[in-house]
Amino acid sequence: MRANAAIRSVSLLGFILLWTVAAWLGGDPTVLPSPADLVKPFLSELSSGMLLYSLGVTVFRVIAAFCLAMSLGIVLGLLMGTNPALDRWLDPWLVVFLNLPALVLIVLCYLWIGLNETAAIAAVTLNKIPNVTTIIREGARALDPDLKAMAQVYRMRRSVYLRHVVLPQLAPFITGAARSGMAVIWKIVLVVEFLGRSNGIGFQIHLYFQLFDVAMVLVYSLSFIGFMLVVEWLLLQPAERRIRAWRLA
Amino acid sequence: MIRVAIKSKFFGKSQILKDVAFMLKPGECVAILGKSGVGKSTLLRLVAGIDMEFEGTVQRPEAMAFVFQEPTLLPWRSALDNLLLVHPDLSEVQARESLRKVGLWDKADQFPGQLSLGQQRRLALARAFAGRPELLILDEPFVSLDEKTAAEMVALTRELMNEVAPATLFVTHEKEEARQLADRTLELAGTPATVVPNVVHPVFHRGEVK
């Protein structure tokens, strides 16, 4: 575990070093500022409160869309994976939505629902649901028929069956969907903010893009990447380890 | 009383079972014999209600237990939870007592993957008897165990059967196992399989072998 953390830090340091060298070779801070050039704008945005405010707004949208997409996707995937008739009916829809570009969905949501929070979160959620559904459906198709028969004979309650028999079998698929989901969702949230919101990281990036302020664009995007890395290391990975504990015992 | 009256069972176009009818008195143990692939497991699944697609009727009690060929445990839950989740009415003390009866007293907190196959089989047995079933179905529960472990399992099963006294239906290839556990046998043969009439088998009495 400790070795892992060390490798991670060294790898990240290497990246920053590479960046510094590139900035030094480029020699133009307005095109590619070095990491050191970002410290001052970072601190000023932090002390003005704008960075934390934008971060908070974006994180809220990410969490809302993530929870909606995961719960709806899990239910749909479970239904489609265990019910071949329903699967045949819904599969073409899934293919349509899987291949619909994120941008199209975002624009349509804004046009139909309006330039508001509901449209923003709906657009992100709709973008992610097909993905989660596809992954969970694979898991649901692979559910152990013997355990199902066992639960049936012993008349296990439906809630107990779902929680203790189905959920553990789906766990690897759910964590897989959650991790790829997190990564995709926050990128789409930024696009949604870029196109039609007046706050959040995406909006700030839009603002500084119009001012051609590369340093500020980097400050905002890197802050959010940093935040997501912390979530990944402190929340997602430990959760996954806990769920996998029985495999390692 | 458990009444089984199966007219026919098909898988696709091929008929597996034809006119299989018998009764089980409370506490009676019947061994089902027959070549492998004849449809014994299918019959058990119909009796248990796992497979409902057949023509005929089965009268079965509420409290049932099934010991499958594989232990069919929840690998992500401890041995104790494997009993408690399946039987929510069981107290923890009772569950631990069930584990003690099959010699797994000290394994309560282990995951099934940490147990040997013999121990997993015993856990499956504990799970079956913990609910005090009126109907117990065993589908070759002792296969792929070494001779000594299998003999221990048979003895343990007989002990638990005497204590709980369920009506028992079980499939085996071993005549000796049948002799030790069953009151009578039922032989399946033919395609589609049906009960072989008037086969003279030695009369078994599990009392005698004690």
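Below, chains carry the letters A, B, ... as their sequence lines are ordered, and counting in each starts from 1. Computed from a predicted model, the values in this text were never measured in an experiment.
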Taking every non-hydrogen atom, the tightest pair across [X] and [Y]:
| X | Y | answer |
| --- | --- | --- |
| Asp146(A) | Phe68(B) | O-CZ, 4.5 Å |
| Arg155(A) | Pro61(B) | NH2-O, 3.9 Å |
| Ala48(B) | Val153(A) | CB-CG2, 4.1 Å |

Heavy-atom contact with chain A under 4.5 Å, split by part of [X]:
| X | value |
| --- | --- |
| Pro133(B) | neither |
| Ala128(B) | both |
| Arg45(B) | side chain |
| Leu73(B) | backbone |
| Gln110(B) | neither |

Could you tell me whether the side chain of [Y] reaches within less than 4.5 Å of the side chain of [X], counting heavy atoms only?
| X | Y | result |
| --- | --- | --- |
| Phe66(B) | Gln152(A) | no |
| Tyr154(A) | Met64(B) | no |
| Arg163(A) | Leu85(B) | no |
| Val86(B) | Met150(A) | yes |

Q. Does His164(A) offer a backbone N or O that forms a donor-acceptor pair with the side chain of Arg77(B) under 3.5 Å?
A.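 Flag not set: sc Arg77(B) to bb His164(A) has no pair under 3.5 Å.
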(Q) Does any backbone or side-chain atom of Val160(A) lie under 4.5 Å from a heavy atom of chain B? Answer side chain, backbone, both or neither. (A)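 The side chain, not the backbone.
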Q. Between CG of Asp144(A) and CD of Glu70(B), what distance do you get to the nearest 0.5 Å?
A.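 Between atom CG of Asp144(A) and atom CD of Glu70(B) there are 10.0 Å.
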(Q) I need the contact set between residues 71-98 of chain A and chain B: heavy-atom distance under 4.5 Å, sorted by residue number. (A)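 Expected list: none.
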Q | Residues in salt bridge (Lys or Arg N to Asp or Glu O under 4.0 Å) contact with Arg179(A), at least two apart in sequence or another chain | A |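 Glu232(A), Glu240(A).
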Q) For Phe10(B), does the CZ atom have more than 12 heavy-atom neighbours from other residues, nucleotides or ligands under 6.0 Å away? A)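 Yes, enclosed.
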